[in-house]
Amino acid sequence: MEESKKVIFSGIQPSGNLTIGNYYGALKNWVKLQDEYDTYYCIVDLHAITVKQEPKELRRRTLEVLAIYLACGLDPEKNTIFIQSHIPAHSEAAWLLNCFTYTGELSRMTQFKDKSARYGESSISAGLLTYPVLMAADILLYNADLVPVGSDQKQHLEITRDIASRFNNLYSPTFKIPEPYIGKSGARIMDLQHPEKKMSKSADNPNSYILIMDPPEVIRNKINRAVTDTIGVVKYSDDQPGIKNLMDILSVATGKGIDEIEREYEGQGYAKFKKDVGEAIIEELLPVQNKVKEYLNNKDLLEAIYTKGSEKANYVARKTLSKMQRKIGFVAKSR
Ligand code: TRP
């Protein structure tokens with residue numbers, strides 16, 4: 001029954017081209033949730049503009065992220081797929097929630113501290129500070145039970161829970177308190193040049209990441225250049241973070257277990273291993289890339305899909321927003 005399904009909300013920013021970190025860490029797992037849960041998958045363009053974006057690129061990437069969602073297997077009949085800026089309630093609820101959030105707690109957020117250090121004092125927007133409040137609005141508007149997020153987003157989910165409880169306590173129960181969703185098989189893909197860091201689409205060196213849309217020869221080159229070590233054995237060990245990461249990638253791409261991979265490459269050095277990692281990624285991504293291109297050549301279909309998604313999203317979001325407005329004490333609009 002529709003009503004008894006738990007609600008899942010997640011989103012990806014169209015602030016850079018998506019990487020295999022997004023693919024293996026999020027998208028591939030989202031697809032597995034689409035039957036069991038009532039899922040909302042958003043393209044969070046309002047979040048993307050917290051740092052400078054080129055308008056043309058932002059528009060292109062927003063549609064590309066949508067095409068990637070679909071190409072990875074998210075079915076628009078089973079999931080509510082939409083673009084954040086199409087739902088005015090996100091901005092409106094974020095303002096309201098801003099007034100129940102303290103500047104102290106926002107300025108202590110790790111991501112804010114990191115990003116503001118990176119972009120420099122004079123170019124830090126207020127949006128970068130209040131980013132977690134918009135994220136709280138995203139989640140709370142849909143009464144999400146579960147939010148699949150990477151470990152870097154745990155703190156944002158924590159503050160969402162704090163803001164929701166604060167509002168509930170001040171007025172009366174309004175928001176569901178969301179929990180993180182910890183996937184069974186989600187892989188955390190690390191930076192190919194600095195395997196102690198998570199792979200990120202905003203890394204400075206393109207050899208740090210593999211994009212979902214990278215052509216085969218680029219993937220081969222990037223895997224070839226991936227940092228390893230001088231130990232020379234394919235072993236899953238914290239002393240070999242580069243190799244460990246490549247093993248994780250090979251494992252999620254092929255379904256082979258880590259033990260199996262260790263056995264397969266025993267006494268072989270890194271050359272063949274790296275070659276196989278590259279080919280496994282290519283084999284998995286090629287069909288996805290072809291579908292993305294097909295979708296991008298069919299803008300009418302994309303438009304129909306995001307329009308349908310925004311109708312459902314808008315309905316649910318507006319309901320929660322009205323509830324918030326009423327509890328806060330705003331005079332109801334005449335209909
Ligand atoms: N902040 C998230 C990220 O950068 C993206 C995001 C925005 C999100 N709103 C969300 C994720 C709501 C989960 C739920 O990864």
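All ligand and atom numbering here is 1-based and tracks the order in the structure.
Residue-ligand proximity, Gly11 to ligand 1, at heavy-atom distances under 4.0 Å covers atoms 5 (C), 6 (C), 8 (C), 11 (C), 13 (C). Shown in contact with Val147 at under 4.0 Å from a heavy atom are these atoms of ligand 1, numbered in order with element: 13 (C), 14 (C). Shown in contact with Ser10 at under 4.0 Å from a heavy atom are these atoms of ligand 1, numbered in order with element: 13 (C), 14 (C). Close approach to Val44 involves these atoms of ligand 1, each under 4.0 Å from a residue heavy atom: 7 (C), 9 (N). Annotation for ligand 1: atoms under 4.0 Å from non-hydrogen atoms of His47 are 7 (C), 9 (N). Set against the non-hydrogen atoms of Val149, the atoms of ligand 1 under 4.0 Å away are 13 (C).
Salt-bridge check for Asp191 with Lys198: failed, with every basic side-chain N at 4.0 Å or more from each acidic carboxylate O. Using a 4.0 Å cut-off between charged side-chain N and carboxylate O, Glu260 and Lys256 make no salt bridge. The pair Glu264-Lys272 does not meet the salt-bridge criterion, since no charged nitrogen lies less than 4.0 angstrom from a carboxylate oxygen. Checked for salt-bridge contact, Lys274 and Glu279 miss the test: no charged N lies under 4.0 Å from a carboxylate O.
Using a 4.0 Å cut-off between heavy atoms, Leu134 makes no contact with ligand 1 at all.
The closest side-chain donor-acceptor pair between Tyr270 and Asp229 falls under 3.5 angstrom.
In this structure, the protein non-hydrogen atom closest to atom 9 (N) of ligand 1 is Asp138 OD2, 2.7 Å. In this structure, atom 2 (C) of ligand 1 lies nearest to the protein heavy atom Gln153 OE1, 3.3 Å.
Pairing each heavy atom of Tyr69 with each of Cys42, the nearest pair is OH-O, 2.6 Å.
Of the polar atoms of Gln13, at least one N or O is found under 3.5 Å from an N or O of ligand 1, judged by distance alone. By the 3.5 Å distance cut-off applied to N or O atoms, Tyr131 is counted among the residues near ligand 1.
Using the six-membered ring where Trp is involved, Phe100 and Phe167 have ring planes that are perpendicular, over 60° apart on the 30 and 60° scheme.
Under the side-chain contact (heavy atoms from CB on, under 4.5 Å) test applied with His47, the options Asp45, Val44, Val51 reduce to a single match, Val44.
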